[in-house]
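Each remark here refers to the structure printed beneath this line.
Fair warning: this is a prediction, and the values are worked out from it, not measured in the lab. Naming: A, B, ... by sequence-line order, numbering from 1 per chain.
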Number of protein chains: 2
Amino acid sequence: MAGSHTLAETESQITSRLSHMTLDFEAMAVTSNLFRAASAVRNHFERNVLAESGLSWTAFVVMWVTWIWEPAETRDIAEESGISKATLTGVLKTLEKMGLAERSRSDADGRLVLVNLTEKGHKLMETLFPAFNRQEIEISSLIPAADRANFADMLRLLTNYTQDQAK
Amino acid sequence: MAGSHTLAETESQITSRLSHMTLDFEAMAVTSNLFRAASAVRNHFERNVLAESGLSWTAFVVMWVTWIWEPAETRDIAEESGISKATLTGVLKTLEKMGLAERSRSDADGRLVLVNLTEKGHKLMETLFPAFNRQEIEISSLIPAADRANFADMLRLLTNYTQDQAK
DNA sequence: TCGAGATTGTTCGGATACGAATAATCTCAG
DNA sequence: CTGAGATTATTCGTATCCGAACAATCTCGA
């Protein structure tokens, strides 16, 4: 756990405070660092790439998924973006308010809602996505090239397992 | 990106839609899967371990950090938990309301706030943490044992780099 | 001793996040 | 043809999340 204490200090304090318990430090390290890293990376992107266009990480991801698959169904966008449909409704409201996306009810099935980016949304993605990808390259270069694909695969293992458990 | 499309379908569609752009798929895979995995793991823990005691992931982490370092200063808790001080104020309000933690102003420095778990908070952690750690073991066992420590180290690289950039 | 600058925690506004409840729509078996 | 069951998106309530602004406190150099 990064923070005001070193890793050694942290493990030492944990051992001292919880000596009556069996702990798996390695297991703790996997989950706590996963969440810390994701949080830190999201904040980094929001501050350095997305702030200028007023987008949150999730708003960007939703625009990205829509850009790739449009016209996209909201149930698919939510799943591809890893957020609930309730959350997507709110994020799309924000994007519509910014004039970046538009929704319409499907002709084929009245339950479904389709989403497209607006022209303004397309223009934004043409410049924002390359900047975002450059930052992705910078960040991922911290991971040794030989480990990178494996790292992504291990992350997918975690996602797939926990999401399968939810079904 | 896990979702309603396979990885191959996704990369194919991206290539087809954005053929005018150079893309680094590997870089994209690192950041998008990092966030997806973290989100999925958090939801998994909230549903399967934390829901019963009404705690969110972050509320648990704050309790955990406080348990280890108490009496803990709020600036340190926020840093160790990877959240802002503004967020911590809100989370501590929630924990106080639940009777699980208490705050007091430091005698030594009037700017600082100290936090302790209450007796009820300690009791909860005595049973909740082992259950949480068991789930951590289950989740991390998805990562091959030989890769686990390295995986956590790579995550720390991402966190440290992005947080250093924020300073 | 004093004041500028720094640090701390809180409040505010607005965005994300989700489960549960709800209404609308579709499917399919009888 | 009809109704039960399933699926969809939205609303609601509540929690988290953060940056900016603010008030209180501390430090340190002049």
Worksheet item: So does B/K93 get a side-chain nitrogen or oxygen closer than 4.0 Å to the phosphate oxygens (OP1/OP2) of C/dT11?
Response: yes
Worksheet item: If only side-chain N and O atoms of A/T58 are considered, is one of them under 4.0 Å from the OP1 or OP2 phosphate oxygen of C/dA17?
Response: yes
Discussion item. Does C/dA17 have OP1 or OP2 under 4.0 Å away from a side-chain N or O of A/K85?
Written reply: no
Fill in: Verdict with reasoning, B/M154 to A/D147, per side-chain contact (heavy atoms from CB on, under 4.5 Å)
CA-CA 9 Å; B/M154 292 192 284; A/D147 293 325; 3.7 Å; yes
Worksheet item: Between atom CG in B/L112 and atom C1' in C/dT10, what is the gap in whole Å?
Response: 14 Å
Worksheet item: Would you call B/R134 and B/E138 a salt bridge, using N to O less than 4.0 angstrom?
Response: no
Worksheet item: Considering only C/dT10, D/dT16, C/dA17, which nucleotide approaches the side chain of B/S56 most closely?
Response: D/dT16
Worksheet item: D/dC17 phosphate, OP1 or OP2: any side-chain N/O from A/N43 under 4.0 angstrom?
Response: no
Worksheet item: Quick one: on DNA chain C, does A/G110 or A/G90 contact a more 5' nucleotide (nearest heavy atom)?
Response: A/G90
Practice prompt. When you get a sec, tell me which of D/dT7, D/dA15, C/dC18 is the closest nucleotide to the side chain of A/R111?
Written response: D/dT7
Worksheet entry | Minimum-distance nucleotide to A/T87 side chain [options: D/dG19, C/dA17, D/dT10] | C/dA17
Discussion item. Below 30° counts as parallel, above 60° as perpendicular, anything between as tilted: where do the rings of B/H5 and A/W69 land?
Written reply: parallel
Practice prompt. Would you sort out whether A/E136 and B/T31 count as a side chain to side chain donor-acceptor pair (under 3.5 Å), showing the intermediate values?
Written response: CA-CA 6 Å; A/E136 287 182 309; B/T31 54; 2.6 Å; yes
Discussion item. Both A/D107 and B/T74 contact DNA chain C. Taking the nearest nucleotide for each, which residue is further toward the 5' end?
Written reply: B/T74
Item to complete: Give me the ring orientation class for A/F129 and A/F60: parallel if the planes are under 30° apart, tilted from 30 to 60°, perpendicular past 60°.
Response: parallel
Worksheet item: Can you tell which of C/dG9, C/dG19, C/dT16 lies closest to the side chain of B/R47?
Response: C/dG19
Response to the item:
Regarding the side chain of B/R105, the nearest nucleotide among C/dC18, D/dA15, C/dG9 is C/dG9
Worksheet entry | Separation of D/dT27 P from B/D109 CG (nearest whole Å) | 6 Å
Response to the item:
Rounded to whole Å, CG of B/L114 lies from P of C/dT8 at a distance of 13 Å
Worksheet, complete the sentence: To the nearest angstrom, the CZ-C1' distance between B/F60 and D/dT16 comes to 17 Å
Fill in: Rounded distance (Å) that lies between atom C1' of C/dC18 and atom CG of B/L55
16 Å
Discussion item. Measure CG/B/L88 against P/C/dT8 and give the value in whole Å, please.
Written reply: 13 Å
Worksheet entry | 5' priority, DNA chain D, between A/F35 and A/R103 [closest heavy atom] | A/R103
Worksheet item: In whole Å, what is the span from the CD1 atom of A/I83 to the C1' atom of D/dT16?
Response: 15 Å
Item to complete: Measure up the B/W57 and B/F45 rings against each other and bin them: parallel (under 30°), tilted (30 to 60°), perpendicular (over 60°).
Response: perpendicular
Discussion item. So, does B/T94 get its side chain near the phosphate of D/dT16, meaning an N or O under 4.0 Å from OP1 or OP2?
Written reply: yes
Discussion item. Of the options C/dC18, D/dT7, C/dT10, whose atoms approach the side-chain atoms of A/R75 most closely?
Written reply: D/dT7
Worksheet item: Between A/L92 (CG) and D/dT10 (C1'), how many Å, whole number?
Response: 12 Å
